[in-house]
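Step one of this worksheet: look at the structure below.
Counting starts at 1 for both ligands and their atoms, following the listed order. When reading the values below, keep in mind they use all heavy atoms of this one structure, side chains included, and skip hydrogens, waters and symmetry mates.
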Amino acid sequence: MASSSRAQFSSRIGFILAAAGSAVGLGNIWGFPTQAASNGGAVFLFVYLLMVFALAYPLLVAELTIGRYGNANPIKSLRSIWPQQRGIAALLGIAGMIAVSMILSFYAIVAGWLFGFLVGPILEAIGFTTAANWLESFSTSRNLILMIVFMIMTIMVVRNGVANGIERWSTRLMPVLLVLFVVMTGYILTQEGAMEGLKMFLVPDFSHFSSGLVVSAMGQAFFSLSLGVCSMMVYGSYLRKDTNIPKTAAQVALLDTSVAFVAGLLILPAMFVAQHNGVEIYNDAGALLDSDTLVFSVLPAMFNTMGTGGVFIGILFFVLMVIAALTSSISMLEVPVACATEELQQDRKVAVWWIGGLITIFSSIIVFNFGDMFGLVISLTTEYAQPILGMCFALLVGWIWKRDQVLQEIKEGYPELEQSLFWKIWPWYVRVVCPVMMLMVFFA
Ligand code: PFF
């Protein structure tokens with residue numbers, strides 16, 4: 001089934017960093033800390049960890065395996081594992097493609113804000129205060145223009161294809177991000193007020209537990225591992241046959257979760273440090289003020305306390321954030337682009353522009369109707385589309401795809417598979433446990 005001319009990641013580490021690049025993004029640094037701060041901190045962290053390892057990891061293996069077996073875009077890969085129902089299989093692929101495009105449309109808006117906070121301090125330093133203020137305050141014009149800038153960056157990387165675009169950038173930039181994160185966390189923990197945030201993040205208070213929290217944690221885990229919308233499936237399709245999928249998926253999940261954890265260690269203490277310095281964080285009822293933009297008020301407040309050095313660290317931090325967002329957004333755009341190039345036989349250079357253009361238009365509609373649409377699109381895609389499609393993929397792998405073929409596919413990179421603990425647990429786990437867990441969470 002392989003067409004040997006199809007693109008591939010050139011190395012195992014290249015794949016890990018690209019897949020981790022997809023996984024690590026705004027979800028870790030903006031989504032996770034915000035959700036943790038609004039949902040009682042440590043309780044959310046624990047439920048989240050449970051969701052990642054009990055639910056998201058097995059599904060990550062499933063999605064990567066479907067992709068690598070199909071060695072094609074998600075529509076074709078899904079058809080290849082369900083040849084009896086090619087129509088329904090294709091519809092699932094199309095649904096994933098639409099969902100991921102909708103995710104990109106709100107993601108690009110938030111990534112645009114990061115861009116504003118990156119360029120703003122530079123302009124301020126050279127005296128362009130009005131422009132800096134515009135970049136750093138909420139307005140339709142700012143949201144629109146920065147979103148378009150970010151979309152163009154995404155389009156340019158995806159235009160260059162897998163090894164030269166996606167892999168090259170992910171490999172260079174991910175390690176720098178990790179190091180900077182650890183350094184900043186070290187700094188914030190020495191500041192006054194930090195311990196209160198640390199306590200909130202690590203010491204559970206079970207009075208915050210609720211079924212809503214479980215649903216949010218599941219959505220967050222799916223979002224963070226880029227599941228249910230074919231991104232990982234398409235990356236899996238560029239994966240070499242000699243790669244051990246269960247092991248690689250575990251490394252990606254671990255890396256992603258570590259970054260979310262460290263982001264929590266940074267942002268929650270930073271919130272309380274900011275509060276200590278006079279920034280308002282919670283309202284009288286104890287709810288987070290402006291949770292969407294929390295990170296954007298707390299972090300600059302932290303950089304301000306750091307003196308002149310803070311300006312540079314702030315700029316560097318937002319550079320890396322833009323990059324983290326970019327390594328995720330490219331994995332989103334790659335889904336519809338792979339479908340268009342293979343299903344419609346289009347040139348990649350043509351496909352990126354019209355598909356990227358359509359997503360930009362949809363994103364502009366959100367920008368102009370921000371209050372009504374922004375939260376709605378986030379909730380539709382992350383709380384509904386991702387878990388539901390993820391469950392469909394689990395059901396496909398568990399019930400429809402021939403067990404023998406699944407075994408053969410994973411075995412290519414893991415010859416001892418049949419004797420492993422993984423193979424004793426995973427097949428029935430995706431078949432029964434994952435779907436049942438998702439249904440339970442859903443109806444909770
Ligand atoms: N995992 C990314 C993050 O945590 O920011 C977001 C994401 C990427 C979601 C790719 C979905 C996707 F297909």
Side-chain angles (χ1 to χ4, degrees), residues 17-36 48 51-52 56-57 59-60 63-64 66-67 73-74 93 95-114 150 154 157-158 166 170 173-174 177 181 216-237 249 252-264 267 292 295 320-339 355 359 377-390 393:
L17 289 175
S22 165
V24 173
L26 301 176
N28 304 64
I29 299 153
W30 166 68
F32 176 76
T34 308
Q35 294 247 23
Y48 175 75
M51 287 294 166
V52 167
Y57 167 69
L59 289 176
L60 176 59
E63 262 196 57
L64 289 173
I66 300 176
N73 66 80
M97 193 172 91
I98 295 174
V100 83
S101 305
M102 286 171 66
I103 292 180
L104 179 52
S105 68
F106 76 73
Y107 208 80
I109 299 174
V110 182
W113 298 342
L114 294 171
F150 184 79
T154 305
V157 177
V158 175
I166 297 172
S170 307
L173 303 171
M174 287 295 298
L177 178 76
F181 243 131
S216 302
M218 179 172 83
Q220 180 61 34
F222 272 76
F223 185 73
S224 197
L225 280 179
S226 316
L227 292 176
V229 286
C230 305
S231 264
M232 286 300 179
M233 204 179 286
V234 91
Y235 273 22
S237 76
V252 171
L254 211 65
L255 210 61
D256 181 64
T257 310
S258 315
V259 175
F261 182 74
V262 178
I267 309 276
D292 287 343
V295 170
L320 291 171
M321 284 292 300
V322 170
I323 290 158
L326 196 59
T327 54
S328 298
S329 65
I330 54 185
S331 76
M332 300 179 206
L333 185 57
E334 181 61 20
V335 177
V337 167
C339 292
I355 295 171
I359 296 174
V377 174
I378 294 184
S379 134
L380 273 180
T381 49
T382 62
E383 283 170 25
Y384 293 91
Q386 286 195 290
I388 292 175
L389 285 168
F393 297 155

Considering only non-hydrogen protein atoms, determine which one is nearest to [atom] and report residue, atom name and distance to 0.1 Å.
atom                    : result
atom 13 (F) of ligand 1 : Ser231 OG, 2.7 Å
atom 5 (O) of ligand 1  : Tyr107 OH, 2.5 Å
atom 9 (C) of ligand 1  : Phe223 O, 3.5 Å
atom 8 (C) of ligand 1  : Ser226 OG, 3.3 Å

Do you know which two heavy atoms are closest between [X] and [Y], and how far apart they sit?
X      : Y      : result
Leu104 : Leu333 : CD2-CB, 4.0 Å
Ala325 : Ala111 : CB-CB, 3.9 Å
Ala221 : Met51  : CB-CB, 3.9 Å
Pro33  : Asn28  : CD-O, 3.0 Å

In ligand 1, which numbered atoms sit nearer than 4.0 Å to a non-hydrogen atom of [X]?
X      : answer
Val100 : 13 (F)
Leu26  : 5 (O)
Ser331 : 10 (C)
Asn28  : 4 (O)
Gly27  : 3 (C), 4 (O), 5 (O)
Ser22  : 1 (N), 2 (C), 8 (C), 10 (C)

Short N or O distance, [X] and ligand 1, threshold 3.5 Å exclusive:
X      : value
Leu225 : no
Gln386 : no
Val24  : no
Met332 : no
Val229 : no

Determine whether a donor-acceptor pair (N or O, by modelled atom type, separation under 3.5 Å) exists between the side chain of [X] and the backbone of [Y].
X      : Y      : answer
Gln386 : Gly219 : no
Ser231 : Ser331 : yes
Glu383 : Ser216 : no
Ser226 : Ser22  : yes

Requested in this report: Pick whichever of Gly96, Ser224, Ala23 has a heavy atom sitting closest to atom 3 (C) of ligand 1.
Outcome: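 When every heavy atom of Gly96, Ser224, Ala23 is considered, Ala23 comes closest to atom 3 (C) of ligand 1.
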
Query raised in the report: Would Thr257 and Tyr57 satisfy side-chain contact (heavy atoms from CB on, under 4.5 Å), going step by step from the backbone distance to the final call?
Result: CA-CA 11 Å; Thr257 310; Tyr57 167 69; over 6 Å; no

Requested in this report: For the pair Leu255 and Val24, evaluate side-chain contact (heavy atoms from CB on, under 4.5 Å) and give the outcome as yes or no after the intermediate values.
Outcome: CA-CA 8 Å; Leu255 210 61; Val24 173; 5.5 Å; no

Query raised in the report: Is Trp30 in contact with ligand 1, taking contact as a heavy-atom separation below 4.0 Å?
Result: no

Query - Stepwise side-chain contact (heavy atoms from CB on, under 4.5 Å) test for Trp30 and Tyr107 - result: CA-CA 11 Å; Trp30 166 68; Tyr107 208 80; 6.0 Å; no

